[in-house]
Visitor: 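Can you read through this structure? Questions will come right after.
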Amino acid sequence: DHYTVTIFPHCRYVRVNTLKTSVADTVDYLKREGFTYLGQARTVEDLTLKGTHFVQDMDIPEILIFSPKTDFHNHFLYKAGHLILQDKASCLPAHVLHPPPGSVVLDACAAPGNKTSHLAALMENRGRLLALDLDAKRLSTMSTLLLRAGVTCQTLRHQDFLKVDPQSAEYREVEYILLDPSCSGSGMVCLRDDSDTDPARLSSLAAFQLKCLKHALSFPRVNRLVYSTCSVHRQENEDVVSACLQENNHFRLVPVLPQWPEHGLPPLSQCLRASPSSTRTHGFFVAMLQRHSETDVALG
Ligand code: SAM
């Protein structure tokens, strides 16, 4: 379709793994190697890059952006775990959740684990990061990926998130949840196929996503939760969040990244959407929910 032809590939994003290195050291290394650093981008127009030019992202500081043909798969910095090859949109959930060092965090549908490794970097490897997945093969890929990234604060579990008991000793202290459940993948512009819009498949995915979201909000100490998908369908995004909030008045949506150009479909303007045209990324959706504090409740 026309997106694939005219907008993709848009640009090459890499996330600097701050567990292993810093943005400044990475920039210096790449400059010595012959790349040309143009500083921090200010607008999406600055992301149109040629040849060896690269910039720092304007929204997520640990992201560096290169021209579309740049390939890091065989690069020393990638093999050493200093660089994570991750689209900017898929860096939003951990960035928005931003659990502080020392916190107790649950990544409910975690494999292959790029968001888990991003969470660990923000936590500076301190605290507890519980990461679950239902798929054993994807979990084993994840454990390799986390090892390369120098992540040490994780506990991996081969487990169905929907069967986790939120009151159990292991889970009742969880304060932050990242919920990135299976979705249609309709935002992944390069991988799209007809099954993305099959109505029966969409309804069953949406029902699963809603179950996961309700379950996540039942953890007794959870204070913040990020829900994300790489789908562009309202049914898997705003509709899931609205349906859940309708039944649960202990949580509210919070606005994030005020400068972000694309928001959730009305009335969910607190959510973020990403797309090739507005943000030069894959299609993506992010919502952050926060527990009402006692004062909020008192103020109605
Ligand atoms: N967050 C991951 C990342 O950034 O690398 C991507 C997660 S992917 C969108 C969704 C994952 O949910 C899949 O790995 C799938 O195996 C897992 N999954 C599906 N149903 C699940 C369940 N009931 N419990 C736990 N994991 C589940």
Side-chain angles (χ1 to χ4, degrees), residues 13-15 17 60 62-63 81 84-99 105-123 129-149 151 154-166 168 170-171 174 176-192 195-196 201-202 204-219 225-233 236-237 240 274 281-288:
Y13 293 99
V14 308
R15 177 169 60 79
N17 178 11
I60 304 178
E62 61 270 39
I63 291 181
I84 312 284
L85 309 184
Q86 191 176 1
D87 187 64
K88 176 176 173 178
S90 100
C91 296
L92 283 170
H95 179 74
V96 162
L97 188 63
H98 229 99
V105 182
L106 171 61
D107 189 348
C109 296
N114 278 334
K115 297 181 189 80
T116 316
S117 101
H118 193 187
L119 289 168
L122 295 168
M123 294 163 72
L129 177 51
L130 294 152
L132 317 183
D133 206 279
L134 194 54
D135 183 325
K137 207 165 152 228
R138 287 169 68 96
L139 262 181
S140 97
T141 306
M142 167 152 161
S143 96
T144 311
L145 191 147
L146 297 183
L147 186 69
R148 185 171 58 210
V151 174
Q154 82 280 24
T155 305
L156 298 193
R157 291 272 182 265
H158 179 206
Q159 179 141 26
D160 182 343
F161 170 59
L162 292 172
K163 295 195 176 133
V164 164
D165 174 6
S168 66
E170 183 160 43
Y171 292 97
V174 167
Y176 294 83
I177 297 181
L178 193 151
L179 177 61
D180 184 43
S182 304
C183 72
S184 63
S186 56
M188 303 298 288
V189 188
C190 318
L191 305 176
R192 230 145 68 179
S195 70
D196 294 348
R201 180 163 177 259
L202 279 185
S204 103
L205 282 167
F208 163 72
Q209 292 151 351
L210 180 58
K211 243 192 234 170
C212 288
L213 186 54
K214 285 186 189 168
H215 189 55
L217 295 186
S218 75
F219 283 63
L225 174 143
V226 164
Y227 173 76
S228 61
T229 73
C230 58
S231 166
V232 296
H233 299 306
E236 297 178 271
N237 296 331
V240 169
T281 63
H282 290 294
F284 211 81
F285 175 84
V286 180
M288 178 144 88

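Ligands are counted one by one from 1 in listed order, and the atoms in each one are counted from 1 as well. The shown structure was predicted, so the numbers you read here are calculated from the model rather than taken from an experiment. All residue numbers in this chain count up from 1 along the given sequence.
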Visitor: Quick check: does any side chain N or O of Ser228 sit under 3.5 Å from a backbone N or O of Asp180, one acting as donor and the other as acceptor?
Guide: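 No, Ser228 side chain to Asp180 backbone: no donor-acceptor pair under 3.5 Å.
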Visitor: Using side chain to side chain contact (heavy atoms under 4.5 Å, CB included) as the criterion, list what pairs up with Cys230, not counting sequence neighbours.
Guide: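 So Cys230 forms a side chain to side chain contact (heavy atoms under 4.5 Å, CB included) with Cys183, Met188, Phe284.
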Visitor: In chain order, what residues pass the side chain to side chain contact (heavy atoms under 4.5 Å, CB included) check against Leu162, with sequence neighbours excluded?
Guide: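 With neighbours one apart ignored, the set is Asp160, Phe208, Lys211, Cys212, His215.
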Visitor: One pair per line, please: each N/O atom of ligand 1 matched with every protein N/O atom under 3.5 Å away, atom names first, then the distance to 0.1 Å.
Guide:
residue, atom, partner, partner atom, Å
ligand 1, 1 (N), Cys109, O, 3.2
ligand 1, 1 (N), Asp180, OD2, 2.8
ligand 1, 4 (O), Lys115, N, 3.4
ligand 1, 4 (O), Lys115, NZ, 2.9
ligand 1, 5 (O), Pro112, N, 3.4
ligand 1, 5 (O), Gly113, N, 2.9
ligand 1, 5 (O), Asn114, N, 3.3
ligand 1, 14 (O), Ala111, O, 3.2
ligand 1, 14 (O), Asp133, OD1, 3.3
ligand 1, 14 (O), Asp133, OD2, 2.7
ligand 1, 14 (O), Arg138, NE, 2.6
ligand 1, 14 (O), Arg138, NH2, 3.1
ligand 1, 16 (O), Asp133, OD1, 2.6
ligand 1, 23 (N), Asp160, OD1, 2.8
ligand 1, 24 (N), Phe161, N, 2.8
ligand 1, 26 (N), Leu134, N, 3.3

Visitor: Taking only residues two or more places apart in sequence or in another chain, which ones pass salt bridge (Lys or Arg N to Asp or Glu O under 4.0 Å) with Arg157?
Guide: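 For Arg157, the residues satisfying salt bridge (Lys or Arg N to Asp or Glu O under 4.0 Å) (neighbours in sequence not counted) are Glu170.
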Visitor: So does Gln86 get a backbone contact from the side chain of Arg15, meaning a donor-acceptor N/O pair under 3.5 Å?
Guide: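 Here the side-chain-to-backbone pair does not exist.
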Visitor: Shortest non-hydrogen contact from Leu179 to Ala108?
Guide: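 Scanning both residues, the minimum pair turns out to be CD1-CB, 4.0 Å.
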